[in-house]
Amino acid sequence: MRRLYTSLPLKMKCFSRYLPYIFRPPNTILSSSCHTEADIISTVEFNSTGEFLATGDKGGRVVIFQREQENKNQPHRRGEYNVYSTFQSHEPEFDYLKSLEIEEKINKIRWLPQQNAAYFLLSTNDKTVKLWKVSERDKRPEGYNLKDEDGRIRDPCTITSLRVPVLRPMDLMVEATPRRVFSNAHTYHINSISVNSDYETYMSADDLRINLWNLEITNRSFNIVDIKPTNMEELTEVITAAEFHPHNCNTFVYSSSKGTIRLCDMRSSALCDNHSKLFEEPEDPSNRSFFSEIISSISDVKFNHSGRYIMTRDYLTVKVWDLNMENRPIETYQVHDYLRSKLCSLYENDCIFDKFESVWNGSDSVIMTGSYNNFFRMFDRNTKRDVTLEASRENSKPRAILKPRKVCVGGKRRKDEISVDSLDFSKKILHTAWHPSENIIAVAATNNLYIFQDKVN
């Protein structure tokens, strides 16, 4: 696997002060130019404590990183993330009934809260969700009665005495084993999975349906949303993302390609086709264009940690909605408004259909989302300040300072600015994650994973 793993510090109170360093996991090739389609990272997710970080790629692999304990002798390293386990989650399949190839690409990863010494996570491709158990083993049994030391079966006639097997120490081994496989429930491509706050159920969403699963039952799921029309020619929108409320196990939201967000309550009916609340911002007729419906499609929806607010990401903006106000968002942040003049060319090269994700920080005071040219944006909700940063190997030299970037739209360009015409749309940051309690973020740029953390004072 060819990956670049870079760790960079991040100072939230002073966005322009950054201090980067690079760490290299074992057997990692630091070459961003030599990679295949299978190496492209397709999802990033911290676990509930932030000790582990999981990434999935288009090759169906899951790579788990573990944060090392801080070393007093090397305080500048501040607990780096190194490779903990790598395993193949999904394989390419073929649906013979529909003559369709099912990609192995990992669409989403979601961690389950830790209940014992092992760790559990859900991973999904377009059709199948799998529950994985990741555990450690540092002892092995020895002294079998029916097997010799090489594992061969012994002749029972040669056994003259019985002995008690014992456990011997061995090198630490991390094992990933599939515990459940949830399949054959989605006709269309799965775009979201979300674990319920009861930790017994989860939901999976595709373009037209949302299913509710019990984590212990693989052969049966309950359809809780179905927007498929009787006549497919009447189809006007699709489901783009869905998430459970962080505290109320009966509440969830899902977004659509028409820019609407629906809040549903499973207590009202078994099938939540009739939503409890509909969040939609009226369109300004003066801004109406051929691309309006495309750029208004919501690519990501997330509750904040308290569950009071919802954050949505469309092509050009990030919006924050109050659950008590449905007619308009309370906050709107322009991610890359300078691309409005480029929508025609973005439509021609299909970039206008890119699905960007967005994340909250641990205190819900800062929002982060990705953009093009390996830029990612941060918005401070309290100070209303924002910053554009670039994740690239060139800017990740040891002990260097990562400076904010600015995009020049027109007129005379300053020395530290980049022209909008010079942006590389093949370099994009679609997937990001934020540590649940610290200012540590993970940014996926094609086949490269960058980790940023607080600046060391």
_Pairing of E243 and R110 as salt bridge, 4.0 angstrom limit_ = no
_Under 3.5 Å: donor-acceptor pair, side chain of N211, backbone of S204_ = no
*For the atom pair CH2 (W434) and OG (S363), what is the distance rounded to the nearest 0.5 Å?*
8.0 Å
*Using the side chain to side chain contact (heavy atoms under 4.5 Å, CB included) rule, pick out the option among Y84, F46, W111 that qualifies with L53.*
F46
*Within 6.0 Å of CG in N184, more than 12 heavy atoms from elsewhere*: no
*How close do K133 and A118 get, heavy atom to heavy atom, and via which atoms?*
CE-CB, 3.6 Å
*asked:* Nearest 0.5 angstrom please: T128 OG1 to I190 CD1, how far?
replied: 6.5 Å
*Can a salt bridge be assigned to the pair K58 and E103 using a cut-off of 4.0 Å between side-chain N and carboxylate O?*
no
*Indicate whether the side chain of R262 and that of T260 have a donor and an acceptor atom separated by less than 3.5 Å.*
yes
*Run the salt-bridge test on D206 and K127 with the 4.0 Å N-O cut-off and return the result as yes or no.*
no
*Once you round to the nearest 0.5 Å, how far does CG of L449 lie from CD1 of I41?*
4.5 Å
*Answer with yes or no after comparing the ring centroid distance for H435 and Y81 against a 6.0 Å cut-off, counting only values under it.*
no
_side chain to side chain donor-acceptor pair (under 3.5 Å) assessment of D126 paired with N107_ = CA-CA 7 Å; D126 287 340; N107 292 336; 2.8 Å; yes
*Over all heavy atoms of both residues, which pair between T332 and P329 is shortest? Give the atoms and the distance, please.*
OG1-CG, 3.6 Å
*Counting only N and O atoms by type, is there a donor-acceptor contact under 3.5 Å from the side chain of Q88 to the main-chain atoms of H90?*
yes
*Give a yes/no verdict on a cation-pi contact between R381 and Y309, requiring under 6.0 Å between NZ or CZ and the six-membered ring centre and an angle within 45° of the axis.*
yes
*Taking N361 for its side chain and V366 for its backbone only, find out whether a donor-acceptor pair lies under 3.5 Å.*
yes
_Euclidean distance, M378 CE relative to Y333 OH, rounded to 0.5 Å_ = 14.0 Å
*Could you walk me through whether E331 and K384 pass the side-chain contact (heavy atoms from CB on, under 4.5 Å) check?*
CA-CA 10 Å; E331 300 167 23; K384 304 304 179 184; 4.1 Å; yes
*Using the side-chain contact (heavy atoms from CB on, under 4.5 Å) rule, take Y254 and S192 through it: C-alpha gap first, then chi angles, then the decisive distance, then the call.*
CA-CA 10 Å; Y254 70 92; S192 302; over 6 Å; no
*asked:* Is the ring pair H336/Y372 parallel, tilted or perpendicular, if the boundaries are 30 and 60 degrees?
replied: parallel
*Can you check salt bridge (charged side-chain N to carboxylate O under 4.0 Å, His left out) on K228 and D207, steps first, answer last?*
CA-CA 9 Å; K228 181 182 179 181; D207 294 337; over 6 Å; no
*Could you tell me whether R180 and E216 have a side-chain N and a carboxylate O separated by less than 4.0 Å?*
yes
*asked:* Testing the basics here: between G307 and H245, what is the closest heavy-atom pair and its distance to 0.1 Å?
replied: O-NE2, 3.1 Å
*Go through the steps for Y202 and F182 under the test ring-ring contact (aromatic ring centres under 6.0 Å, His included), then give the verdict.*
CA-CA 11 Å; Y202 77 94; F182 307 88; 5.2 Å; yes
*To the nearest 0.5 angstrom, please state how far the CH2 atom of W360 sits from the OG atom of S306.*
8.0 Å
*asked:* Exactly one of D265, N196, D198 should register a side chain to side chain donor-acceptor pair (under 3.5 Å) with N250. Which one does?
replied: D265
_Working for side chain to side chain donor-acceptor pair (under 3.5 Å), residues T49 and N47_ = CA-CA 6 Å; T49 64; N47 74 332; 3.2 Å; yes
*Pair R313-V335, side-chain contact (heavy atoms from CB on, under 4.5 Å): steps then yes or no*: CA-CA 9 Å; R313 170 69 203 266; V335 179; 3.8 Å; yes
*Kindly compute the distance separating OG (S268) from NE2 (H275), expressed to the nearest 0.5 Å.*
11.0 Å
*Centres of the F376 and F452 rings: under 6.0 Å?*
yes
*Is it true that the side chains of S255 and T240 contain a donor and an acceptor less than 3.5 Å apart?*
yes
